[in-house]
Amino acid sequence: MNKLTLTTLALAAGFFANTAFAQYEGQFLIRGGVTRITPKVESGDLTAPAPTGSKVDNGPSTRPGGGISLMMTDNISVDIPLAPPFKFPVYGTGAIQGVGKIGSVQSLPATQFVQYRFFDAETAFRPYVGLGVTYAYFFKEKGSAALTGLTNPGGPATRLSVKSKFAPTVQLGFSYMLADPYFIDVSYAKTFLKTRATLSTGQTQELVLNPRTLQIGVGMAL
């Protein structure tokens, strides 16, 4: 987060510190909006017989998203983000930069956060930090004709699988009252995720995905 963003948050916190809002112990906070996940891929080399330096990258995916939080105290909440599965394109990079899209994979990341919300329960602007665990479930992996041409030319289509894994996730966000009980919620999270892709040809590839998740929504306190 840059200095301008930190300054904006600090100014907003001071400006809205005395505005009434309701985020009390025992309340449920529900929200809906949009979620965008952007993997920050660090790819190992695909094992032989692929060309040395054969790497991959993923594009981002955007879906409707939301979640539900339970205020355990006036400052501590438990949060579960909700969204349908995300679909990510897989591209060749490094020595196979020119082959284009080599496959796709769907993921359903299940995350649970424990959050600390700053300021008191009646403050309109409430920044928060979260710490959680994510189970990144991968499914419906598909290899393209380009992947088959690269790994098994003249043979059957190459199948692709990605190992589902648990990973820690950190979060930074804020909620801001529109008109009680409605609020805007914005959060940014990073998941520290390492996994492995395996091809039906027996080749493997180690992957550091470290996805960043931006969620923007409108919610209601119940």
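Nothing here was measured: the structure is a model prediction, and the numbers come from that model. Values below: all heavy atoms of this structure, side chains included; hydrogens, waters and symmetry mates excluded.
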Is the closest side-chain heavy-atom distance between [X] and [Y] below 4.5 Å?
X: Arg117; Y: Ser175; value: yes
X: Leu108; Y: Phe86; value: no
X: Phe113; Y: Ser187; value: no

Quick check for you: to the nearest 0.5 Å, what is the distance between [X] atom [atom1] and [Y] atom [atom2]?
X: Leu222; Y: Leu29; atom1: CG; atom2: CG; result: 8.0 Å
X: Ser161; Y: Phe138; atom1: OG; atom2: CZ; result: 11.5 Å
X: Glu42; Y: Asp57; atom1: CD; atom2: CG; result: 10.5 Å
X: Tyr128; Y: Asp79; atom1: OH; atom2: CG; result: 6.5 Å
X: Leu82; Y: Arg63; atom1: CG; atom2: CZ; result: 15.5 Å
X: Leu70; Y: Glu25; atom1: CG; atom2: CD; result: 9.0 Å

Look at the side chain of [X] and the backbone N and O of [Y], then say whether any donor-acceptor pair between them is shorter than 3.5 Å.
X: Asn210; Y: Leu193; answer: yes
X: Arg159; Y: Ala157; answer: no
X: Gln205; Y: Gly44; answer: yes
X: Ser54; Y: Leu46; answer: no
X: Glu141; Y: Val162; answer: yes
X: Thr73; Y: Ile76; answer: yes
X: Ser61; Y: Lys87; answer: yes

Angle class for the Phe118/Tyr116 ring planes (parallel below 30°, perpendicular above 60°, tilted otherwise)?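 Ring orientation, 0 to 90° scale: perpendicular.
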Least distance between heavy atoms, Pro51 atom then Ala95 atom: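 Heavy atoms only, the tightest pair is CB-CB, 4.3 Å.
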Side chain to side chain contact (heavy atoms under 4.5 Å, CB included) between Tyr188 and Arg212: does it pass, once the steps are laid out? CA-CA 7 Å; Tyr188 178 83; Arg212 275 71 161 175; 2.8 Å; yes
One pair to check against side chain to side chain contact (heavy atoms under 4.5 Å, CB included): Val56 and Tyr91. What are the steps and the verdict? CA-CA 5 Å; Val56 297; Tyr91 300 100; over 6 Å; no
With ring pair (Phe, Tyr, Trp, His ring centres under 6.0 Å) as the test, pick out the partner of Phe125 among Phe174, Phe119, Tyr176.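 So the option named by the test is Phe174.
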Pairing donors with acceptors under 3.5 angstrom, does anything connect the side chains of [X] and [Y]?
X: Thr35; Y: Gln215; result: yes
X: Thr158; Y: Thr151; result: yes
X: Tyr137; Y: Gln106; result: no
X: Ser77; Y: Ser69; result: no

From CA spacing to verdict: side chain to side chain contact (heavy atoms under 4.5 Å, CB included), Val114, Leu131: CA-CA 6 Å; Val114 175; Leu131 178 63; 5.7 Å; no
